[in-house]
Amino acid sequence: MSKNYKVGKEYKAKSYLECGYNFPEGKYKIKAKIDGFPEKLINHDDELKRAKEHWLEGDEEYKKVYEGIWYYLEFPKDENQEKDHFEWIPEVVMEDVFK
């Protein structure tokens with residue numbers, strides 16, 4: 001069953017042991033939500049390429065992930081970051097990672 005993640009809200013990631021994904025600790029803010037893989041860049045030139053390589057390569061359920069809902073997340077701030085970090089994440093991953 002799909003959770004109803006909302007744009008503008010913040011969500012906390014589970015630990016690696018709980019979800020199997022290595023997301024940094026902290027709160028993630030949803031900046032955008034779309035149905036199907038995004039086609040337009042929001043902040044960085046390589047964001048769509050990175051999302052496709054990271055979440056779609058080798059996925060057995062490629063069509064389900066590609067055509068599902070995608071969320072654009074602002075990652076928690078890190079003292080080593082020079083700029084904000086944003087990434088497109090598919091709904092199937094959101095359900096595993098966020099409480």
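Every value quoted in this text rests on a predicted model; they were computed, and no experiment measured them.
- Among all heavy-atom pairs drawn from Pro24 and Pro76, the shortest one is O-CG, 4.3 Å.
- The closest side-chain heavy-atom distance from Tyr28 to Glu87 is not below 4.5 Å.
- Remark: Ile89 CD1 to Tyr71 OH distance equals 12.0 Å, nearest 0.5 Å.
- Under the 6.0 Å distance and 45° angle rule, Lys52 counts as a cation-pi partner of Phe37.
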Could you please spell out the steps behind the side chain to side chain contact (heavy atoms under 4.5 Å, CB included) verdict for Val92 and Glu61?
CA-CA 10 Å; Val92 294; Glu61 297 181 335; 5.6 Å; no
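- Side-chain atoms of Met94 and Ile30, non-hydrogen and from C-beta on, do get closer than 4.5 Å to each other.
- Separation of atoms CG (Leu73) and NZ (Lys31) is listed at 11.0 Å; rounding is to 0.5 Å.
- Side-chain contact between Pro38 and Tyr72 is absent, with no heavy-atom pair separated by less than 4.5 Å.
- Annotation for Glu25: atom CD does not count as buried by contact number, only 12 or fewer foreign heavy atoms lying within 6.0 Å.
- In this structure, Glu47 contributes its side chain and Phe86 its backbone to no donor-acceptor pair below 3.5 Å.
- Phe23 and Tyr21 have perpendicular rings, their planes meeting at more than 60° on a 0 to 90° scale where under 30° would count as parallel.
- In this structure the side chain of Tyr11 reaches within 4.5 angstrom of the side chain of Lys6, judged on heavy atoms.
- A chain of hydrophobic side-chain contacts below 4.5 Å, direct or via other Ile, Leu, Val, Met, Phe, Trp or Tyr residues, connects Ile42 to Tyr5.
- For Asp46, the CG atom counts as densely surrounded, since its 6.0 Å shell holds more than 12 non-hydrogen atoms of other residues, nucleotides or ligands.
- For OH of Tyr62, the number of neighbouring non-hydrogen atoms (other residues, nucleotides, ligands) closer than 6.0 Å is greater than 12.
- The nearest pair of heavy atoms linking Val65 to Trp70 is O-NE1, 3.0 Å.
- The structure places CG of Asp84 at 5.0 Å from CD of Glu74, a figure rounded to the nearest 0.5 Å.
- The NZ atom of Lys14 sits 6.5 Å away from the CG atom of Asp96 when rounded to the nearest 0.5 Å.
- At least one side-chain heavy atom of Trp88 sits under 4.5 Å from a side-chain heavy atom of Ile34.
- Summarising the geometry, atom CD belonging to Glu91 is positioned 9.0 Å from atom CG belonging to Asp35; distances are rounded to the nearest 0.5 Å.
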